[in-house]
There are 2 protein chains.
Amino acid sequence: MTKSEVYFQKYCRRAGLKRSGQRDKVFNMFLKTEQHISAFRLFEKIRKQGEKIGYSTVYRTLRLLVKAGLAQTLTFGGETHFEHKFKHKHHDYFICSKCGKTIEFTSPTIERIQNRLAKKYNFTPQKHTLLIYGLCINCQNKQ
Amino acid sequence: MTKSEVYFQKYCRRAGLKRSGQRDKVFNMFLKTEQHISAFRLFEKIRKQGEKIGYSTVYRTLRLLVKAGLAQTLTFGGETHFEHKFKHKHHDYFICSKCGKTIEFTSPTIERIQNRLAKKYNFTPQKHTLLIYGLCINCQNKQ
DNA sequence: AATGAACTTGACATTCATTTTCAATATTGT
DNA sequence: ACAATATTGAAAATGAATGTCAAGTTCATT
Ligand SMILES: [Mn+2]
Ligand SMILES: [Mn+2]
Ligand SMILES: [Zn+2]
Ligand SMILES: [Zn+2]
């Protein structure tokens, strides 16, 4: 049992939820997926393994993971993407407008300035997304 | 005729579009609106003036404004918001998760670091959105 | 092992923002 | 005025996300 698993099972128990194979399937596939993923692609990924799963269950479980603090969402390209939050460090994104490729980066200085400005504006930050759209090196060259 | 108007009319002409009263209505209301606005609220705003306008026309024109470089979009709260781009300086956002209030801010240092990192990752930035979600001062106090 | 209250599941329906369709109407160059 | 082409908006279509509910499952208690 990884720390995430322990954490999740504890969370479910406290929330009065019962154990279920379907929920575990979604949770496990999410754990295996290091990159951010949309609900639909996670659904596909589980189905392709030959597992039986409903779309609603995937959505529901992903929402639960967010509520439990294990996942967080970022929206781009008209879709919600889920990414790890538990034991994963925060990052911002470059997103290629042409091919959709994403590049993660972090800048402690940017984070620091954000917090300083939040204080200045009497704003209590909870989460943020910095998405920089443009062209990745491949798409720059191919015209 | 403001610079924006001249620019827009020139753009339309070059694109082989005909002049139209409906398009002008949307364009003018967008110009009058300093804050970012959703397609639906812009639609309402025009209707409330007693003007006759279709939803599709509002959407179409807003998309055209983006294509012409006069407007740009930012997505949050499950809606696309349109904001000025022409002759308006860029800014990032604090967004209150509770009441939806937005606070604009700018940080030249953040912008500079973004560009430096883009170079480092061989990425050509075109636009970006930095959205910081949290609680505004009012919503912090009210529980 | 049986019970039953409460939770889970997934096919299907619904909602909501956005886009597309298309027939009627308007604009523009000649 | 004419014809070619663009515009309009009501209605339909799309697509992501959420809600519904009857049938199935879990689990604490007996
Ligand atoms: Mn960040
Ligand atoms: Mn910025
Ligand atoms: Zn690319
Ligand atoms: Zn607020």
Side-chain angles (χ1 to χ4, degrees), chain A residues 8-30 36-68 71-83 100, chain B residues 8-30 36-68 71-83 100:
Chain A
F8 186 49
Q9 295 312 332
K10 263 188 192 162
Y11 178 88
C12 289
R13 187 154 279 266
R14 244 182 296 136
L17 306 177
K18 293 177 177 168
R19 191 79 189 269
S20 95
Q22 299 308 83
R23 191 142 56 203
D24 285 350
K25 279 179 199 168
V26 177
F27 176 58
N28 289 327
M29 187 56 89
F30 177 71
H36 55 82
I37 190 167
S38 69
F40 182 69
R41 292 225 299 109
L42 193 64
F43 167 73
E44 279 186 324
K45 238 177 147 181
I46 298 172
R47 279 253 168 128
K48 272 176 190 153
Q49 282 203 328
E51 305 279 10
K52 211 182 156 308
I53 191 100
Y55 208 6
S56 310
T57 303
V58 174
Y59 264 105
R60 254 192 305 249
T61 306
L62 284 172
R63 255 181 290 157
L64 178 64
L65 290 177
V66 170
K67 224 170 87 185
Q72 63 189 335
T73 58
L74 69 152
T75 306
F76 66 87
E79 246 184 339
T80 301
H81 299 253
F82 296 82
E83 63 179 359
Chain B
F8 185 50
Q9 295 311 332
K10 264 187 191 161
Y11 178 88
C12 289
R13 187 152 280 265
R14 245 182 294 136
L17 306 178
K18 292 175 178 169
R19 190 79 189 269
S20 97
Q22 300 308 84
R23 190 142 56 205
D24 284 350
K25 279 179 200 167
V26 178
F27 176 57
N28 288 327
M29 187 56 88
F30 177 70
H36 55 82
I37 190 167
S38 69
F40 182 69
R41 291 224 302 109
L42 194 64
F43 168 73
E44 277 187 324
K45 239 177 146 179
I46 298 172
R47 280 256 167 126
K48 272 176 190 155
Q49 281 203 329
E51 305 278 11
K52 209 183 157 310
I53 191 97
Y55 210 4
S56 312
T57 303
V58 175
Y59 264 103
R60 257 191 302 248
T61 306
L62 283 172
R63 255 181 290 158
L64 178 63
L65 291 178
V66 171
K67 224 170 84 184
Q72 62 189 336
T73 57
L74 67 154
T75 306
F76 67 87
E79 248 183 335
T80 301
H81 299 251
F82 297 82
E83 64 180 356

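Computed from a prediction, not measured in an experiment: that's the story for all the values here. Throughout, protein chains are lettered first and strands after them, A, B, ... in sequence-line order, and every chain is numbered starting at 1.
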Which letter, B, S or -, goes with each nucleotide of nucleotides 18-30 of chain D from 5' to 3', with contact meaning a protein heavy atom under 4.0 Å? BBB-----BS---

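Using a 4.0 Å cutoff to heavy atoms of chain A, the contacted part of DNA chain C runs 5' to 3' from C/dA5 to C/dC12.
In this structure, A/Glu83 CD and A/Thr73 OG1 are separated by 8.5 Å, a value rounded to the nearest 0.5 Å. Atom CZ of A/Arg63 is separated from atom NZ of A/Lys67 by 9.5 Å, given to the nearest 0.5 angstrom. For the atom pair A/Leu62 CG and A/Thr80 OG1, the distance stands at 10.0 Å (nearest 0.5 Å). Rounded to the nearest 0.5 angstrom, A/Tyr55 OH and A/Ile46 CD1 are separated by 11.5 Å. Taken to the nearest 0.5 Å, the NE2 atom of B/His81 stands 8.0 Å off from the OG1 atom of B/Thr75.
In this structure, the NE2 atom of A/His81 is 10 Å from the P atom of D/dA16, given to the nearest Å.
Near DNA chain C, meaning a heavy atom under 4.0 Å away, the residues from residues 37-53 of chain A are A/Arg47, A/Lys52, A/Ile53.
Within the structure, salt bridge (Lys or Arg N to Asp or Glu O under 4.0 Å) pairs that include any residue of residues 36-51 of chain B comprise B/Lys25-B/Glu51 (at least two apart or interchain).
Aromatic pair B/Phe8/B/Phe27: centroids less than 6.0 angstrom apart.
Under the rule for a side-chain contact (heavy atoms from CB on, under 4.5 Å), the partners of B/Thr57 that lie at least two apart in sequence or sit in another chain are B/Gln22, B/Ile53, B/Arg60, B/Thr61. Listed by chain and number, the residues in a side-chain hydrogen bond (donor to acceptor under 3.5 Å, both in side chains) with A/Arg19 are A/Gln9, A/Asp24 (sequence neighbours excluded).
Contact record, A/Phe43 with A/Gly54: CE1-C, 3.8 Å, taken as the closest heavy-atom pair.
Ranked by how close their nearest DNA chain D nucleotide is to the 5' end, B/Thr61 and A/Thr75 are led by B/Thr61.
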